Amino acid sequence: KSVLVVRVTGADAATSSSEAQLNEFVFTDANNLSSQYAACSYDALTFTPINANQVEGGVTSVTIANTISGTDNGVIREAVTAALKEKFSVNSIGDLADYIMYCLPPGTSGGW
């Protein structure tokens, strides 16, 4: 399955990991997210980084105008979705990849 990892920056906070670090954590480190899902599923679920303009190693970044601290995570996710649609000129982010991972900055409110 194709995966797009999204690094998010808001008005008052940013995801602490860089794009390069997120690529490592999800795709390239010895014990990365992708390899562990593949191992646990006996290769029934494998992740590959998407290859597209404005995407490096399956990772892209978006900046939103919203304040992160104390804002409901659903509001932040909606803003990220809108930013992705604009950045990639798509009507649906599902057109970008099978799975999209939002790496939100710390400080949002709401249940996980």
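Quick caveat, the model's predicted, so the values are computed rather than measured.
Looking at Leu84 and Thr60, their side chains come closer than 4.5 Å, going by heavy atoms from C-beta outward. By the 4.5 Å heavy-atom criterion applied to side chains, Thr71 and Thr108 are not counted as neighbours. Arg77 places a side-chain heavy atom less than 4.5 Å from the side chain of Leu104. By the 4.5 Å heavy-atom criterion applied to side chains, Pro49 and Val59 are not counted as neighbours. Val5 places none of its side-chain heavy atoms less than 4.5 Å from the side chain of Phe25.
By the rule that hydrophobic residues join a cluster once side-chain heavy atoms approach within less than 4.5 Å of another member, Ile68 and Val62 end up as members of one cluster. Linking Ile, Leu, Val, Met, Phe, Trp and Tyr whenever their side-chain heavy atoms come within less than 4.5 Å leaves Val6 and Leu33 in two separate clusters. Taking hydrophobic clusters as Ile, Leu, Val, Met, Phe, Trp and Tyr residues chained together by side-chain heavy-atom distances below 4.5 Å, Leu22 does not share a cluster with Leu96. At a threshold of 4.5 Å between side-chain heavy atoms, the hydrophobic network of Ile, Leu, Val, Met, Phe, Trp and Tyr places Ile50 and Val8 in one connected group. Note on Ile100 and Val3: separate hydrophobic clusters, where clusters join Ile, Leu, Val, Met, Phe, Trp and Tyr whose side-chain heavy atoms are under 4.5 Å apart, directly or indirectly.
Note: Ile76 CD1 to Ser69 OG = 10.0 Å, rounded to the nearest 0.5 Å. Expressed to the nearest 0.5 Å, how far OG1 of Thr67 lies from CG of Asp12 amounts to 5.0 Å. To the nearest 0.5 angstrom, Gln21 atom CD is 10.0 Å from Asp29 atom CG.
Scanning both residues, Asn23 and Gly57, for their nearest heavy atoms gives ND2-O, 2.6 Å. Counting all heavy atoms, side chain and backbone alike, Ala38 lies closest to Thr46 at CB-CG2, 4.1 Å. Scanning all heavy atoms of the two residues, the minimum distance from Glu19 to Ser61 falls at OE2-OG, 2.5 Å. Ala14 approaches Pro106 most closely through the heavy-atom pair O-CD, 4.1 Å. When all heavy atoms are compared, the tightest approach of Ser18 to Arg7 is CA-NE, 3.8 Å. Among all heavy-atom pairs drawn from Ser109 and Gly70, the shortest one is OG-O, 3.1 Å.
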- Give the C-alpha distance, both sets of side-chain angles, the deciding distance and a yes or no for side chain to side chain contact (heavy atoms under 4.5 Å, CB included) between Val26 and Asn32. CA-CA 5 Å; Val26 178; Asn32 63 67; 5.9 Å; no

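Taking a 6.0 Å sphere around CD of Gln54, one finds it holds more than 12 heavy atoms contributed by other residues, nucleotides or ligands. More than 12 heavy atoms of other residues, nucleotides or ligands sit less than 6.0 Å from atom CD of Gln36.
Here side chain to side chain donor-acceptor pair (under 3.5 Å) pairs that include residues 88-102, with residues two or more places apart or in two chains, are Ser2-Asp98, Thr81-Tyr102.
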